[in-house]
Structures are given as structure tokens and as C-alpha cells.
Amino acid sequence: MTPATGTSVYDNARIVDPSRGIDETGTLIVTDGVIAASGAGARNQGLPDGATRIDCTGLTIVPGLVDNRVHIGEPGGEHRETIASACEAAAAGGVTSIVMMPDTSPVIDDVALVEFVLRTARETGAVRVHPAAAITIGLGGAEMTEMGNLRGAGAVMFTEGRKTIANAAVMRRAMTYARDFDAVIDHCTRDADLAGAGVMNEGLFASLLGLPGIPREAELLPLDRDLRLARLTGAAYHAAKISCAPAADAIGRAKADGLDVTAGVSINHLTLNENDIGEYRTFFKLSPPLRHEDDRQAMIAALNDGTLDTICSDHDPQDVDTKRLPFAEAEDGAVGLETLLSAALRLHHSGDVPLPRLIEAMSTAPARRLGLDAGTLRPGAPADFAVIDIDEPFVLDAAQLRSLSKNTAFDEARLTGRSVRTVVAGRTVFAA
Amino acid sequence: MTASADHPLYGHRHLLGIAGLNYPDIATLLDRADEAVDISRQREKKKAVLRGLTQINLFFEASTRTQASFELAGKRLGADVMNMAVASSSVKKGETLIDTAMTLNAMHPDILVIRHGAAGAAALLARKVGCAVINAGDGAHEHPTQALLDALTIRRHKGRLDGLTVAICGDILHSRVARSNIILLNTMGARVRAVGPSTLMPAGIAEMGTEHHVRLEDGIHDADVVMMLRLQRERMAGGFVPSVREYFRHYGLDAAKLAHARPDCLVMHPGPMNRGVEIASEIADGPQSVIEEQVEMGVAVRMAVMKALLDPRRNEAVAP
């Protein structure tokens, strides 16, 4: 990102900076793409000469969101999403950094692919794009990738994307090796045999729809295994997206035992449940599947008590070809970059989760976990932030989404609050 | 035949499942079906009720029996019936269900009958076409005309549905017939038991309004009706039950087991039967069996459903 030059002053805003525990009315001053000052005391030295003043009365400024789980179709599936279109969607949603999943075609398992992503993002992307590299070559679950070289080229973490490594020995060695390079292993757990042909959460609702169910245990068995391996290897492990109450319990125990373990949840599992599937609506077909309302409540509780660290959009663009099918035949996934913030604000407005906690989980915590220079409004940090109108009501129109794919789980949803200006390195990359 | 004006107007555009129908809806369809039985038993069976209307049977899963039943029902009412052999057509070339539906919709049918292997396929189709849709079976979801014909068969023998004890036995997990029957019988006030090994029971079976029994003898004890379900071949070898002989020993209906039910208990099967797997031949062909009659009721129920969906009063009701 080429930083902006000059000084801009964002005045009279509510400034929420979880990295410093700040929630106060004040000012944010940006000079040459870097935050010069922020908070209630930022204007003590007066306005610098030639500064541009932007009045933010009634608005809230938060660090730009850091979305640590974004699927993009480039390379290989550019009709679903390009790096440029994903960045545009991110900017409109207040997201300033995205971690891109490696399950592209070809897979990001080689230094050349990491460089391709970084170069394409530099040339076409409005926000910061950080590639995650595959743990195993071709996501095949067998041979380790060149983690040292990939890390050196700019891969921020290692993950199998949608896939789960079934072989415990492969997982153990990958975790052991990754630790030597201070790399986080990010893993989404699903036991392929136990999940079987399942397409939604196992239970009464699946039975009534006549759809094969996926038990919670399909998520829990490999998660329990991974947590034991994290203990064995001392690896930095991030459970990418957990969805049920017993998984949160397992993470809580691992943390209490002092393991280097963190956990994420997708915004979908915080705001939706299996009943949203209604009459076979494929945009609600996700992995892990949307669970029972009790599980959603457990995710909210785990977010509030710190068991859960991060919230991701789990942005997964799918074409009509893969979604306009009978439920069991449709692909998993929903787009989410543009709605992540607005959907999360539902939890603020409902009183479930305080705003600073939401911003911490969507910005400060994922940045900290991956060592990214983001997720903060501290002086000296890159000026990546979002100006939010927290009370603006709107009805989402899927057709208006910037993403090339429109498979949102929030079509026609009533949402309250959105980014009205998104800034990366001091440059406004989106303005409503 | 009495005029359709004797019956209340059926308030739904499609028949996608039993879920969503209330007691009067179901009672009306059964009353209409009773009349249709009389038509089918006359020498001159053809009526002109649906003359000039087009019915398309769209069967993505082969089913000679159900397709023939729908075809006969349409023809007896005077409709032009077209069977699309989808299993062997462009669907194999990658055309999606929606594309097929749009193509057929352009031919302006009045009624589409669909069978598909995926749950929700009929509902998906109904959202995309401009005509009435009848679900002839979608995955493990519903098969509403089967449940209606089962109910009609029972009602004609027992005079009622409410208060009866009905045992549905076998592979309930994969059965759309069982789901539709459980919903219908609960709506009509019957007491429903789900009988079979726990590996063949869906999650939440008790919450669906059934009592689950593992032993067949307990499940059919004092039952008024026993419905046996077909066990698909691919479920037999070790996946869900260990073997055919073990299944027949524990869950196959034979004379000794049937003795636990009421002496006037009806024996039903949606067909096609696996003799010697879920039902012994002596029972299938025995005096308590109404399996053949179910086939006859099938045509009547399908006539009744089509007449209800294409009732001309529907147009008058929406006309200015």
C-alpha cells in the first residue's frame, strides 16, 4: 500500500481501540498514512497547518477489521471472485486486511504462488492481502510444504482451507515443524467418515427435512486430537471455526492448561442457526453446518468470556452453478466480507456482546495472533481504520454486493450499522 | 360423480408434502379420493374434468409403479399426460434440475409431477415454474400421495384414523414414506409407533410424534395397522444392519410376530416388497394384507389431488 501524504484529522468521533482499552470521544490524526495521534487527548497540540479536517460527529472509528478466513477464486476461479473484487467487498465492509485461504487452483503451496498473490494484491487490491499457505502439498494431506520458504515469502500462517488433515502423524510433524518458524497452524476440523454424506446439523430439523445430518462429534474428534498434538508439540494452533458448545469447552480447557491455542468462529455461527435453512435455502449450507440455537448462544458466551479469540467472515464465494441446486448437491459456503461488520453489530444492538469486544475479536486479536501490524489505532501504526455509522438501518440487497458472487446468508436482512468510510494507509478506499 | 363444488376449495397451490396441511385439508382430499375410487370401478372410467390440460411426469428416479399411477390418474381425468424419461436424457449431460424445469415450464404444462433423489427438489422446482407441482417423492423428505393413499386405505377399512395405533416398521431413517405418514397420522389423531433398529432411526424420532420401539413384537403389540417399509439392498450389507438373515429374524414380519398385533390388524407395504427380508410371503399374500388395495387407492388419491389443485373455482376465486 502506498501511504497517503499529508495530514487528515477525524474529529469528534467515538474512538474504540481495543488494543489500548480505549472507548472515548476524541480525534484521530493521520500523517503520511500513519496514525499520529488518537483518542480524547489527540488535539491537545492543536491542528497541524494544512490539515484536512473531517467531522465525524455521531460516528465511531475502529481499527480496520482483520478477516482471517477469506476464500478467493483467484487464481483458478476468477468467475467467483478475484483478489480485486474481494478487496472491493472488504473495503465496503470496513475490512482493511484479509487473510486469503490457499485452496485456489493451483493451491498456494509454493513460493511462486505466494508471490503471485502479493503482486496481484499490490497491483489491483484496495486493502491488504496476506496469503495463508497450505500445510501439505496440493492440500493432499500427506507431504509438508516448504514452510520456511513460504513464511519467508510472506505467508502469514498455514492452513488446509476447507480441508481437515486426517492423518495424525502428518499433523503432528506439521505442527512440530511450523513451531520452528513461529508459524501458526490454522485448522478447520471435520471427520470425513463421521460427517459422511451429512449436509446439515444432525437433529430433529434435519430429520424433518429428510437431509442427512452431521453430528457435533465430527467436529470434536479431530479437534480433541489436534489439542492433544498441540500439547505434544508446543505448536501455535488456531482452531479456525468452531461451532458447538463442547468445542468451546475443549478450547477453554486447553487454554487453562497453558497451551498456545486460540480459536475462531464465523460470523454466521454467531448470528444464525439451523432453522434459517428453512425450506432448503442453500445459501445457509455451510461447513461446519449451522447448529442449534443453544450452540449459537454458547458461541456468544465463549466470545464474551474470552474462550473464543477471533471472528471471521468465512467469506466463500460460490456461483449459481454450485448453489442453485437441491440442498444436498449444493456447495458449502457464503460470502461475508461486506456483511461481517453489520452482522456483528447485531450482537452489539441486541446487547449480547459489547462493541469493544466485537472489534477486538474482528481486528486486534486476529492481527496479534498472526503478528500483523494492524488491529490498533496506536500512534505509529499504519492508518487502517473504519468510520462506522453504528445506528444506520438498512436492508441488504444481495444484487448490490461488490463480490462477484452473491451467495449471502443475509439477503433482505434488516441490519443496523455499517462502515461509511474505510481507510487503508491513510487513503480512503471506500466512502458511502 | 358429484360436483366438485361439494368440497371446500383446497387452499394450496402445490402438494409438496404433508407438512403444512391441516386436518380439513387432508380430510377433504380423502373425501374426494373416495369418490375417485368409484370412478375407477366403473366400466367407463374416463372423465373430462381435466380435458385440455397438460400433465408432465418428471421422474429423475425410475419408478414404474408411481409413474404409472400418476399417468393413469391424469388420463382418467382427461388430461394430456407426457412422461419425461429424465434418467436417460439431457440431465446426464449436466443440465441442472432448474434448467430442466425452465425448459418444461416454457411448454406451459398445467401440472408437474416430480420425483427426485434430493430432498427439497420439489420445493425448488415449485419456486421456478408457473404451474402446480406434485411431489412424487424427494430424497428422504416426503412422499405425500403415498401417505394419503395409505390413510385412505386405512380409513376405508377402519372407518376412521383418529385413535388408531399405527406401527411403521423398518428403515425410517431413509424413508420419505415414513416421514409423510408420521406427519399425516399425527395430524389426523392416530398414535404412531416407529419400530426398527436404532441405526435406521433418524435423530429426534421421539420429537417427531412417535414412540420408538426396538423390538418388532413390542412395536406392533395391539396395533390396528402395521406398515412395513422396504429395506434398500445397499443398506443391508453391514452398513446399517449386519445381514439380511439377521434383519428378517428380528424385523421381518411373519405370522408369529403378527400375532402380537390386534386380530383385525391391517398389513401394509408401499412396495416394491422384498419378500423374505422385511415381510414373509405368507403375510404379504395373507388375509390381513391390503397391499394390492393400496395400489388401487393410489390412483384414486392422485386423481383427487390433481382435481383439487386444478379446481376451476380457483380461477374464479382470484378473478375480479
Side chain / backbone / both / neither for His116(B) at chain A, heavy atoms under 4.5 Å: side chain
At a 4.5 Å cut-off on heavy atoms, which part of Arg179(B) comes close to chain A: side chain, backbone, both, or neither? side chain
Give the minimum heavy-atom separation between [X] and [Y], together with the two atoms involved.
X         : Y         : answer
Leu208(A) : His141(B) : O-CD2, 3.3 Å
Pro326(A) : Leu97(B)  : CG-CD2, 3.9 Å
Tyr280(A) : Arg127(B) : O-NH2, 4.4 Å
Leu325(A) : Leu124(B) : C-CD2, 3.6 Å

Would you compute the distance between atom CG of Asp321(A) and atom CD1 of Ile98(B) and round it to the nearest 0.5 angstrom? 11.5 Å
Would you check if the side chain of Ser207(A) reaches a backbone N or O of Ala203(B) as a donor-acceptor pair within less than 3.5 Å? yes
Please state whether the side chain, the backbone, both or neither of Glu329(A) comes within less than 4.5 Å of a heavy atom of chain B. side chain
Using a cut-off of under 4.5 Å on heavy-atom pairs, state which of [options] scores highest against chain A.
options                                   : result
Ala206(B), Pro202(B), Gly120(B)           : Gly120(B)
Gly204(B), Ala140(B), Ala19(B)            : Ala140(B)
Ala119(B), Ala118(B), Gly17(B), Gly139(B) : Ala119(B)

Check whether any side-chain heavy atom of Arg324(A) sits under 4.5 Å from a side-chain heavy atom of Asp99(B), and report yes or no. yes
